[in-house]
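Notes follow the structure.
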Amino acid sequence: MNARFETICILGLGYIGLPTAAVFASRKLNVVGVDINQHAVDTINRGEIHIVEPDLDIVVQAAVQAGYLRASTAPEPADAFLITVPTPFKEGPGTDHEPDLSYIAAAVKAIAPVLQPGNLVVLESTSPVGATEQVAAWLHEQRPDLSFPQTAAEEADVMVAHCPERVLPGRILQELVQNDRVIGGMTPRCSQAARDLYGLFVQGECVVTNARTAEMCKLTENSYRDVNIAFANELSILCDRLDVNVWELIRLANLHPRVNILQPGPGVGGHCIAVDPWFIVSSAPEHARLIRTGREVNGSKPEWVVQKVLQKVAEHGQDAPRIACYGLAFKPDIDDLRESPAVQIALQIAAAGVGEVWAVEPNIHSLPKRLEGALQLVDFDSALKGADVHVILVDHREFRTQASAFVGRPIVDTRGICDGL
Ligand code: SAJ
């Protein structure tokens, strides 16, 4: 028999939680989204959104107006609880990229008092192997009156599963519905319940495995991409040394039916690909050699770009030049500056003190506090007219469509948007 879900409580209303909440609500489930950020809660309750993601505003507005989506700072009783909070690194001395599960722990603590027999708890946050079992253990500690799968197996009062998100920022709403999902329940009954839940909106296949495999699968997907981008980034550095056009090289190599090289760039950003491979490395450092090297290659690319820019500035030979950095986001057509190599590069150029550093970022209205002072936000036309050196860091649509404007100017093009012009 299919598990019945009428009310869903989603903890963490960020890039994953909010779209997921909105999609469940659009299927006429009662959704309570929970976030510790009062501003996010108020914004959503007005039917607006606090992040940039294509079409999300329309879906959220419709869901709030129809009464199916509501935000709150505290969890409420529900049939299923989804945990979609961040898993950053631990900070402080002696920590080497170890995952920080404190947001998950806080979410567990928040839902424990409202848990009821028959509930399903799904961990969606990207997590190190073993985190779902940890969630179940924490829940048991806080609710000794309820039984959980680690002790009661299929008889448990509360079911627990891992179902990692795999959507691409910029395409979240399509990918949420269309992508296949990996479902890792702590028992087959937990998996079945989670499969029923996601089956309410997922059109792709929901493939069942155990929780540890699901955790490792998510980390593997992002590590695979990281290592492949590292290959492209290494090629770009080699080609620069060997005077070969890397964009043309990759196009040609990819004509081979079994070669598919990704694109080089200024480094790898975001809160996923630049982070998740470390969760594998920190769990077995001596065995994760390739994955660590991929991270190191991508992690050192921004520094290489900075050196290229300083070289270009020196060639230009002007005192106090104005250097325009095009793009601050970690990838095209989004506003997300987290772990962005573009931000790192712009700040390092500013710190080098060779000139004034301008940032052109069409997806934000003002600079975050930590960038104020070091950078100046200017619009595309002013940068094009006024800057002496142009550094393309993100291939935003606005830059791609106007790439010919850069021709003939001193430029460092980390994304190849001017290739062939
Ligand atoms: N990048 C390159 N060259 C490429 C592709 C990407 O330099 O050829 C850079 C981007 O500019 C960006 C970074 O890599 O800085 C990551 O971007 P991305 O588009 O590859 O991935 P994310 O971080 O937006 O989303 C990834 C996705 N994972 C995979 O494709 C395996 C997504 O499906 C996951 O859901 C997401 O991580 C996540 O949340 O884990």
Side-chain angles (χ1 to χ4, degrees), residues 12 14-20 51-54 84-88 99 123-128 162-182 204 214-237 246-247 250-251 253-254 260-280 291 294-295 297-302 304-305 326-345 392-396 399-400 413-417:
Y15 285 87
I16 303 303
L18 181 56
T20 306
I51 53 180
V52 171
E53 177 62 32
T84 56
V85 297
T87 36
L123 176 64
E124 275 211 20
S125 311
T126 304
S127 302
H162 183 53
C163 180
E165 59 82 16
R166 10 159 80 159
V167 290
L168 199 69
R171 287 182 41 83
I172 291 180
L173 286 172
Q174 294 98 301
E175 293 210 354
L176 256 184
V177 174
Q178 287 161 10
N179 288 0
D180 296 337
R181 296 291 291 240
V182 173
E215 287 158 348
M216 187 61 179
C217 185
K218 168 69 193 190
L219 301 179
T220 299
E221 292 160 14
N222 281 353
S223 300
Y224 169 86
R225 191 154 170 87
D226 195 44
V227 167
N228 281 280
I229 298 170
F231 184 74
N233 276 330
E234 186 160 296
L235 279 180
S236 74
I237 294 170
V246 70
W247 316 104
I250 291 175
R251 262 197 315 275
N254 284 349
N260 186 12
I261 303 168
L262 295 178
Q263 296 298 300
V268 166
H271 37 98
C272 309
I273 298 198
V275 174
D276 302 351
W278 287 118
F279 291 4
I280 295 183
I291 294 174
R295 240 354 8 257
V297 169
N298 287 333
S300 61
K301 188 76 190 290
W304 185 85
V305 173
Y326 294 83
L328 289 176
F330 83 86
K331 59 185 257 178
D333 307 326
I334 60 168
D335 70 330
D336 193 342
L337 310 190
R338 286 179 292 175
E339 316 282 335
S340 172
V343 168
Q344 192 184 335
I345 291 165
I392 298 166
L393 297 174
V394 187
D395 42 346
H396 285 315
F399 309 155
R400 285 196 311 266
D413 179 8
T414 68
R415 298 283 185 175
I417 69 168

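The first residue in the sequence is number 1, and the count goes up from there. Atoms within a ligand are numbered from 1 in the order they appear, just like the ligands themselves.
Closest to atom 25 (O) of ligand 1, if we only count protein heavy atoms, is L168 CD1, 3.5 Å. In terms of protein heavy atoms, atom 17 (O) of ligand 1 is closest to K331 CD, 3.9 Å. Nearest to atom 40 (O) of ligand 1 among the protein's heavy atoms is K218 NZ, 2.5 Å. Among all protein heavy atoms, the one lying closest to atom 14 (O) of ligand 1 is I229 CD1, 3.5 Å. The protein atom (non-hydrogen) at minimum distance from atom 30 (O) of ligand 1 is R225 CD, 3.1 Å. The protein heavy-atom contact nearest to atom 31 (C) of ligand 1 is N222 OD1, 3.2 Å. Shortest contact from atom 10 (C) of ligand 1 to any protein heavy atom: F330 O, 3.8 Å.
At least one N or O atom of V167, backbone or side chain, sits closer than 3.5 Å to an N or O atom of ligand 1. At under 3.5 Å, not a single nitrogen or oxygen of E175, backbone or side chain, sits near a nitrogen or oxygen of ligand 1. Looking at ligand 1, you won't find any N or O of I273 less than 3.5 Å from one of its N or O atoms. Of the N or O atoms in Q263, one or more lie within a sub-3.5 Å distance of an N or O in ligand 1. The shortest N or O to N or O distance between G269 and ligand 1 is under 3.5 Å.
Legend: residues meeting side chain to side chain contact (heavy atoms under 4.5 Å, CB included) with V227, ordered by chain and number and at least two apart, are L290.
Of the inter-residue distances, the one linking Y15 atom OH with T84 atom OG1 reads 14.0 Å to the nearest 0.5 angstrom. Note: L173 CG to Q178 CD = 10.5 Å, rounded to the nearest 0.5 Å.
Annotation: side chain of D333 is in contact with side chain of R400 (closest heavy-atom distance under 4.5 Å). Within the 4.5 Å cutoff, the side chain of K218 has heavy atoms near those of the E165 side chain. Counting only heavy atoms from C-beta outward, the side chains of L328 and V343 approach each other to under 4.5 Å.
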Show me the donor-acceptor pairs, under 3.5 Å and distance only, between side chains in residues 266-275 and residues at least two apart or in other chains.
from, atom 1, to, atom 2, distance (Å)
H271, NE2, D336, OD2, 3.3
H271, NE2, R338, NH2, 3.0

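Near E221, with a cut-off below 4.0 Å to any heavy atom, the atoms of ligand 1 are 31 (C). Of all atoms in ligand 1, numbered sequentially from 1 with element shown, those under 4.0 Å from a heavy atom of R166 are 32 (C), 33 (O), 34 (C), 35 (O). Listed by number with element, the atoms of ligand 1 under 4.0 Å from a non-hydrogen atom of P169 are 24 (O), 25 (O). Atoms of ligand 1 lying under 4.0 Å from any heavy atom of R415, numbered from 1 in the order shown and given with element: 7 (O), 11 (O). Near C272, meaning under 4.0 Å from any of its heavy atoms, are these atoms of ligand 1: 36 (C), 37 (O), 38 (C), 39 (O), 40 (O).
Within the set E339, E165, R338, the minimum heavy-atom distance to atom 39 (O) of ligand 1 is found for E165.
The backbone N or O of R171 lies less than 3.5 Å from a partner atom in the side chain of E53, making a donor-acceptor pair. Checked by atom type and distance alone, the side chain of S340 pairs as donor or acceptor with a backbone atom of A342 at under 3.5 Å.
The pair R225-D276 does not meet the salt-bridge criterion, since no charged nitrogen lies less than 4.0 angstrom from a carboxylate oxygen.
With 3.5 Å as the limit, one finds no donor-acceptor pair spanning the side chains of T414 and K301.
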